[in-house]
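Every number for a ligand or one of its atoms is a count from 1 in the order of the listing. Excluded from the calculations below are hydrogen atoms, water molecules and symmetry mates; all remaining heavy atoms, backbone and side chain alike, are included.
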Amino acid sequence: MTRVFSGIKPTGHLTLGNYLGAVRRWAEVDQHRTDALFCVVDMHALTVDHDPARVRRLSRQAATLLLASGLDPERCTVFVQSQVDEHARLSYVLECVATDGEARRMIQYKEKAVRERDRGGSVRLSLLTYPVLMAADILAYGTDEVPVGDDQTQHVELARDLAVRFNQRYGQAFVVPRATHPEVGARVMNLQEPTSKMGKTDDVGPGIVYLLDEPDVVRKKIMRAVTDSGRDVVHDRVARPGLANLLEILAACEGGDPGELSGAYRSYGALKKDTAEAVVELLRPVQRRHKELCADPAYVDGVLRSGAEKARGMARPRVDAAYRAIGLSAG
Ligand code: AMP
Ligand code: TRP
């Protein structure tokens, strides 16, 4: 059976981008047709300035939201990265296979490093090695497919390269994974700045729809979305990025095609209204279930505990084999 692995960082509250680009597909498709693991990758949240208590709180909230989005512990494994030692164990070995040039070429590293320096901060070494830890997350489980948004393509490529190189140098240990993306929604843009991705920690807060935003907040954010100077409704990502983003969000919610949907609208106002309502309806069941799960913390604890145990059992033999292959003693 196909093995799927994907992860989400608890660096902020989950967004509509996370949901449309990744989580919804994990719940609706991946967990039903594959042997899937979904992980709150909390170690990745330490690569930038962070508050320890907040990371713990957000990890818990992310895990709860994954369950609220429909991940079913009977069908897939849901766990928190730091509860499974194999990720860090394998990451070190992969650091001995990756090159520093390779790590420095990562677009996200370059962008985030500039941002940190512009803020007068220093760049943590873990920000540079982060894609290697991500490769370890993936390779530890013999993963075939990694369902992610577009922004993670380059990182999954690195995981592929490291798997191939390790296998060639030290003997067959890893499956070579590939990224998969949703047809629509793989790159949801910030509503106020439609040329940048809707990220959890953006400075442009009003342009981000969070999964736990109240319906009226969602409506307000979408109705105030920046659109372009033009009157006709057409789908053109380059010339009309704000409009294209709304059409893509609506298409992702309703399962249509953004180009075809554009033909149904004569005004921006009507499009915004329908998009806002579609998002409110999309989030409604997730928010309801989230509330229920928050009232039952023992259930969430139990899911995460048994998820970590299962994940450990799956990763351990492969990581041990990689240790032995590269010249370490293990097991
Ligand atoms: P992150 O929030 O960076 O941990 O991302 C978790 C998952 O959500 C990854 O698969 C990302 O590619 C995806 N994702 C994050 N932001 C967006 C976005 N704006 N549009 C589509 N997918 C996204
Ligand atoms: N780097 C990913 C992101 O920022 C999160 C992540 C960490 C991940 N490890 C992973 C995604 C393994 C897929 C597989 O979104």
Side-chain angles (χ1 to χ4, degrees), residues 3-27 30 36-48 55 58-59 61-63 65-66 69 79-82 84 86-88 90-91 94 106-109 111-112 126-127 129-141 143-160 162-163 177-202 204 207-211 241 244-245 248-249 252 311 315:
R3 172 67 56 88
V4 158
F5 182 98
S6 202
I8 193 154
K9 289 193 303 273
T11 41
H13 299 284
L14 266 60
T15 70
L16 182 64
N18 293 133
Y19 190 72
L20 293 179
V23 178
R24 180 172 67 163
R25 203 162 39 112
W26 303 349
D30 296 315
L37 297 105
F38 300 107
C39 184
V40 177
V41 287
D42 53 350
M43 291 160 76
H44 290 276
L46 312 188
T47 53
V48 289
V55 169
L58 288 173
S59 293
Q61 189 192 67
L65 271 170
L66 292 186
S69 300
F79 69 106
V80 176
Q81 183 188 30
S82 60
V84 179
E86 308 311 317
H87 297 244
L90 181 57
S91 184
L94 295 179
M106 294 292 123
I107 297 163
Q108 275 201 352
Y109 168 71
E111 287 174 358
K112 286 188 183 173
S126 57
L127 190 66
T129 55
Y130 155 109
V132 181
L133 176 59
M134 174 164 165
D137 301 338
I138 296 168
L139 300 185
Y141 297 94
T143 303
D144 301 291
E145 290 179 11
V146 188
V148 282
D150 274 356
D151 61 329
Q152 296 302 315
T153 309
Q154 196 189 23
H155 293 161
V156 180
E157 283 297 316
L158 177 68
R160 288 174 65 87
L162 297 182
R178 65 183 188 89
T180 62
H181 306 289
E183 276 171 35
V184 197
R187 194 167 177 80
V188 178
M189 309 308 268
N190 186 297
L191 297 171
Q192 290 298 319
E193 215 178 80
T195 48
S196 354
K197 185 188 83 160
M198 183 186 284
K200 293 192 207 88
T201 52
D202 290 350
V204 199
I208 308 171
V209 174
Y210 293 104
L211 294 194
N245 193 33
E248 287 175 25
I249 292 171

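- Taking CG from Leu14 and NZ from Lys9, the interatomic distance works out to 11.0 Å, rounded to the nearest 0.5 Å.
- Here the side chains of Leu58 and His13 are in contact, with some heavy-atom distance below 4.5 Å.
- Contact analysis puts Ala186 in contact with ligand 1, with a non-hydrogen atom separation below 4.0 angstrom.
- Polar contact check, Asp137 against ligand 2: a nitrogen or oxygen pair lies under 3.5 Å apart.
- For atom 11 (C) of ligand 1, the choice among Val188, Val148, Asp151 with the nearest heavy atom turns out to be Asp151.
- Per-residue contacts place Phe5 under 4.0 angstrom from the following atoms of ligand 2 (heavy atoms of the residue considered): 12 (C), 14 (C).
- Among the atoms of His155, none of the N or O lies under 3.5 angstrom from an N or O of ligand 2.
- Closest protein heavy atom to atom 15 (O) of ligand 2: Gln152 NE2, 3.3 Å.
- Ring-centre distance between Tyr141 and His87: below the 6.0 Å cut-off.
- Residue Leu133 does not touch ligand 2, judged by heavy-atom distances below 4.0 Å.
- Side-chain atoms of Asp42 and Ser82 form a donor-acceptor pair, as typed in the model, at a separation below 3.5 Å.
- Of the listed residues (Lys200, Met134, His155), the one carrying the non-hydrogen atom nearest atom 2 (O) of ligand 1 is Lys200.
- Between Ala22 and ligand 1, no N or O atom pair is found at a separation short of 3.5 Å.
- By the 4.5 Å heavy-atom criterion applied to side chains, Tyr109 and Pro131 are not counted as neighbours.
- With hydrogens left out, the protein atom closest to atom 23 (C) of ligand 1 is Gly17 O, 3.3 Å, a heavy atom.
- Gln154 places a side-chain N or O within donor-acceptor distance of the main-chain N or O of Ile107, the cut-off being under 3.5 Å.
- Nearest-heavy-atom check against atom 13 (C) of ligand 1 across Gly149, Gly12, Gly199 picks out Gly149.
- Of the protein's non-hydrogen atoms, Met134 CG, 3.5 Å is the one closest to atom 10 (C) of ligand 2.
- Between Gln152 and Val146 the shortest side-chain heavy-atom distance does not fall below 4.5 Å.
- Atom OG of residue Ser6 and atom CD1 of residue Ile138 lie 7.5 Å apart, to the nearest 0.5 angstrom.
- Atoms of ligand 2 found under 4.0 Å from any heavy atom of His44, numbered from 1 in the order shown, are 7 (C), 9 (N).
- Looking at Ile208 and Lys200, their side chains never come closer than 4.5 Å, going by heavy atoms from C-beta outward.
- Contacts with ligand 2 closer than 4.0 Å are made by no heavy atom of Val156, backbone or side chain.
- Polar contact with ligand 1: present for Asn18 (N/O pair, distance under 3.5 Å).
- Remark: ligand 2 and Gln108 share no N or O pair separated by less than 3.5 Å (distance only, no angle test).
- Among all protein heavy atoms, the one lying closest to atom 5 (C) of ligand 2 is Gly7 O, 3.8 Å.
- Proximity to Val146 (heavy-atom distance under 4.0 Å) selects the following atoms of ligand 2: 13 (C), 14 (C).
- Set against the non-hydrogen atoms of Tyr130, the atoms of ligand 2 under 4.0 Å away are 1 (N), 2 (C), 3 (C), 4 (O).
- Protein heavy atom at the shortest distance from atom 16 (N) of ligand 1 is Met198 O, 3.7 Å.
- The shortest N or O to N or O distance between Lys9 and ligand 2 is under 3.5 Å.
- The parts of Lys9 lying near ligand 1 are both backbone and side chain, judged by heavy-atom distances below 4.0 Å.
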